[in-house]
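Sequence lines set the chain letters: A, B, ... in the order given, protein chains first and strands last, and positions in each chain run from 1.
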Number of protein chains: 2
Amino acid sequence: MSRINTTTADPAGSNSPTMADLARLAGTSKITVSRALADSPLVNPDTRARIQAIAREHGYKLNVNARNLRLRRSHTIAVIVEMKPSSDRSMLDPYPLNLLGGITQELTTAGYSVLLTTRHEANAAAVHAADGLILLGQGAHQDAVRRFDKLGLPMVVWGAPSNRDDHVVVGSNNRQGGALVAEHFVTIGRKHPVFVGNPSHPEILDRLNGFVDTLAEHGIKPLLMRRDEFTMAAGIDAVHSLAVREAEFDSIFACSDLLAIGAIRALEELDKSAPRDVSVVGYDDTPLSASFLPALSTVRQDWQEGGTLLARKVLALIQGQNAQSETLPVTLVLRAT
Amino acid sequence: MSRINTTTADPAGSNSPTMADLARLAGTSKITVSRALADSPLVNPDTRARIQAIAREHGYKLNVNARNLRLRRSHTIAVIVEMKPSSDRSMLDPYPLNLLGGITQELTTAGYSVLLTTRHEANAAAVHAADGLILLGQGAHQDAVRRFDKLGLPMVVWGAPSNRDDHVVVGSNNRQGGALVAEHFVTIGRKHPVFVGNPSHPEILDRLNGFVDTLAEHGIKPLLMRRDEFTMAAGIDAVHSLAVREAEFDSIFACSDLLAIGAIRALEELDKSAPRDVSVVGYDDTPLSASFLPALSTVRQDWQEGGTLLARKVLALIQGQNAQSETLPVTLVLRAT
DNA sequence: AATGCAATTGGTATCGATATCAAGATATCG
DNA sequence: CGATATCTTGATATCGATACCAATTGCATT
């Protein structure tokens, strides 16, 4: 319907002019057009303006493929996400999506495109063509990282930094997250804190370590309630267990907002309340936490900033600069609990 | 570090062989290589196998840009998402992410790449180069759709079908969602249903219409509690209002799981309980709803299928076939409430 | 006036793949 | 046996942009 504006004389039926067309219109050569559109100082300001005007007037659109072919790069970053529905946290909160926001914003303003792929489809030719790789999601742990490393492309990974591998890793400071919560509990005079979560995730382990270490500085030793799931049910169950074994506790650090909310719910069943009897802090600052009653205190990660940083690091690597792994500060959002 | 496997004699320092290289190795011409790798029947099965072996052995990688340039298409679909943090629903649940799962899976297996863009950065050259467009998120309502329509590319939109515009729209059947809930309420003998939500969203309006119309068939007229936000607080507030005006109600259809949970919470404060006194059904089947206590009944949309469908429609349009708008069935997930 | 320098512009080759048309080799037919 | 059909392969041009080197012009220098 919309491709009729091309004369039959037009060789290929494409409705968008090429640089050759513009050159003909402007009475110059292709290369001058190329330079003019690139704002090159090599071309006379007047002709530059004239050519740009002609280009605008005729709705010129750069053929990215031609340019990329000539320049031997794709101006594309492949973002590889694990999106398979699973009981794991990746589906419980949209964190890869939030990261994607920062990533796309940063990359597109830098003139790069974002090629989205799942781990399994990442063999496509387009991924090889990318100038760089960003790995997101749980898949970034062990095997996948090594697999993509073999491509020999600049690569940045989201997650917890590991000693074994030497990739550039960007992640939020989970250790600090744990430490902040610990300090908070100490400040408000809590003496018997509990940690709820699954420390087999590297990120969660960091939170636990920050929590434990900081409390140790004040001579406090927390109780560890290991729960594998990040669900509300697990939170409820954790508190029930505490009640059953008649453990003494006055504060809970839950590794997700859902866990925290489950915990609060269970407390209420025991005729205890947050924060009167037990302080509760969750993690992630999901929309839930702000609107929950009582409003949930939680640790917030800056996803937008994380995405931005991931993008900047790949771009740096692509330009031959070396990039360091980096952890982002988190903030403790104190609300009612 | 990883680019040392190239001899100094190598003309350009690229570490990946081209078809010309393979041709030299195989003692054939480039075009034969091209045909062999494309599994063309034009080339002798033996040489085909031989060339493919050589390609594999030397780690040949197709140069996508070169091919796309020659074929005058990009094998790329641009997905334009609205990702700006906002108080609107787009941040309350990760639905664009879920759609992305189905989209990328379908497109990549069809040999297409997914180019992710936000609405504001969508002017980039790469978007013009795309073979098709998929619009997701709230931005898909009015202005944005028209803007992208001007590009003259095959385009598919996620949302509620509109009479005014004639784009291909894929969405879940919100009308059916409302109807299912209505039927459920009727079946279990509820006589005084309430609708909570913001009908200024086209999707929500459809839910309301389906709800109202189906109830009307049974001579029941529901109460409409208009609430603009999709938050838990709005749900609580809605029930409070009902209590204040001493309205009679025995069932609530809330347009998001958060609203529903807020409502249940408020009911408890009034010494009522779901489902004993009031049946409650939410929407979206977020992870919340399954683990909430009592387990929340809710309407589930099949995001994966939605993404798949979006992808298939653009592909169809690209291939010159015509595609119809389509609405996906939803399912009522009955749990405790 | 002759030379040198800078500013501007263009011709040609090139990136890596594929379409077109043509040609060589082999097979099949009357 | 000559001729036509079939199979297999290749030479060349092309997609659209940019790099490299050369050429032209105008102006300043000695």
Side-chain angles (χ1 to χ4, degrees), chain A residues 6 10-52 54-55 58-76 111 125-126 128-129 131, chain B residues 10-52 55 58-76 111 125-126 128-129 131:
Chain A
T6 159
D10 192 2
S14 68
N15 49 9
S16 173
T18 71
M19 282 195 176
D21 297 332
L22 295 185
R24 210 173 308 120
L25 288 165
T28 68
S29 69
K30 295 189 300 177
I31 185 69
T32 302
V33 173
S34 171
R35 287 198 267 246
L37 295 182
D39 275 328
S40 159
L42 283 175
V43 27
N44 186 301
D46 293 342
T47 56
R48 191 198 307 168
R50 192 164 54 90
I51 291 176
Q52 289 182 349
I54 295 178
H58 290 260
Y60 170 76
K61 274 151 206 153
L62 175 70
N63 183 319
V64 217
N65 288 314
R67 185 182 62 176
N68 290 343
L69 171 58
R70 182 65 242 245
L71 297 180
R72 301 166 137 276
R73 60 187 171 176
S74 64
H75 273 282
T76 291
H128 298 295
D131 293 338
Chain B
D10 191 3
S14 69
N15 47 10
S16 174
T18 71
M19 282 196 178
D21 297 331
L22 296 184
R24 211 174 305 122
L25 290 165
T28 68
S29 70
K30 295 188 300 176
I31 186 68
T32 302
V33 174
S34 172
R35 287 199 265 248
L37 295 181
D39 275 327
S40 161
L42 284 174
V43 30
N44 186 301
D46 294 341
T47 54
R48 191 199 307 169
R50 192 164 54 89
I51 290 176
Q52 289 182 351
H58 290 262
Y60 169 77
K61 275 152 206 150
L62 175 69
N63 184 318
V64 217
N65 288 314
R67 187 183 60 177
N68 290 343
L69 171 59
R70 184 64 244 246
L71 297 179
R72 300 165 138 277
R73 61 187 171 179
S74 64
H75 272 280
T76 291
H128 299 294
D131 293 338

Which nucleotide in the list [options] gets nearest to the side chain of [X]?
X	options	value
B:K30	C:dT8, C:dC15, C:dT18	C:dT18
A:R72	D:dA17, C:dC15, C:dT9	C:dC15
A:R70	D:dT8, D:dA17, D:dC15	D:dA17
B:A66	D:dA17, C:dT8, C:dG16	C:dG16

Rounding to an integer number of Å, can you tell me how far [X] [atom1] sits from [N] [atom2]?
X	N	atom1	atom2	answer
B:L37	C:dA19	CG	P	13 Å
A:L69	D:dG16	CG	C1'	9 Å
A:H75	D:dA17	NE2	C1'	12 Å
B:M19	D:dG10	CE	C1'	15 Å
B:N44	C:dA27	CG	C1'	14 Å
A:R48	C:dG10	CZ	P	15 Å
A:I31	D:dA22	CD1	C1'	13 Å
A:N68	D:dA19	CG	P	12 Å

Taking every non-hydrogen atom, the tightest pair across [X] and [Y]:
X	Y	result
A:R50	A:A26	NH1-O, 3.1 Å
A:R73	A:N68	O-CB, 2.9 Å
A:G111	A:H75	O-ND1, 3.4 Å
A:P17	A:G59	CD-O, 4.1 Å

Could you check whether any side-chain N or O of B:D21 sits under 3.5 Å from a backbone N or O of B:T18, counting only pairs where one atom can act as donor and the other as acceptor?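 The answer is yes, because a donor-acceptor pair under 3.5 Å joins these two groups.
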If you look at every strand shown and take non-hydrogen atoms under 4.0 Å, does A:L42 touch a base, only sugar-phosphate, or nothing?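 A:L42: base contact, heavy atoms under 4.0 Å.
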Check the phosphate of [N] against [X], side-chain N and O only, distance under 4.0 Å to OP1 or OP2. Yes or no?
X	N	answer
B:S34	C:dA17	no
A:T32	C:dT8	no
A:Y60	D:dG16	no
B:T18	C:dG16	no

Is there a donor on the side chain of B:R67 or the base of C:dT18 sitting less than 3.5 Å from an acceptor on the other?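 Counting by modelled atom types and ignoring angles, no donor-acceptor contact under 3.5 Å is found here.
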Side chain of B:R35, base of D:dG10: donor and acceptor closer than 3.5 Å?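 Answer is yes: a donor-acceptor pair is held.
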For C:dG30, the Watson-Crick or wobble counterpart (both distances under 3.5 Å):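 With both distances under 3.5 Å, C:dG30 matches D:dC1.
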Name the residue closer to the 5' end of DNA chain D, choosing between B:T28 and B:L71 according to the nucleotide with the nearest heavy atom.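 Comparing both residues, the 5'-ward one is B:T28.
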What I'd like to find out is whether the side chain of A:T28 reaches to under 4.5 Å of the side chain of A:I51, using heavy atoms alone.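 A:T28 reaches A:I51 side chain to side chain.
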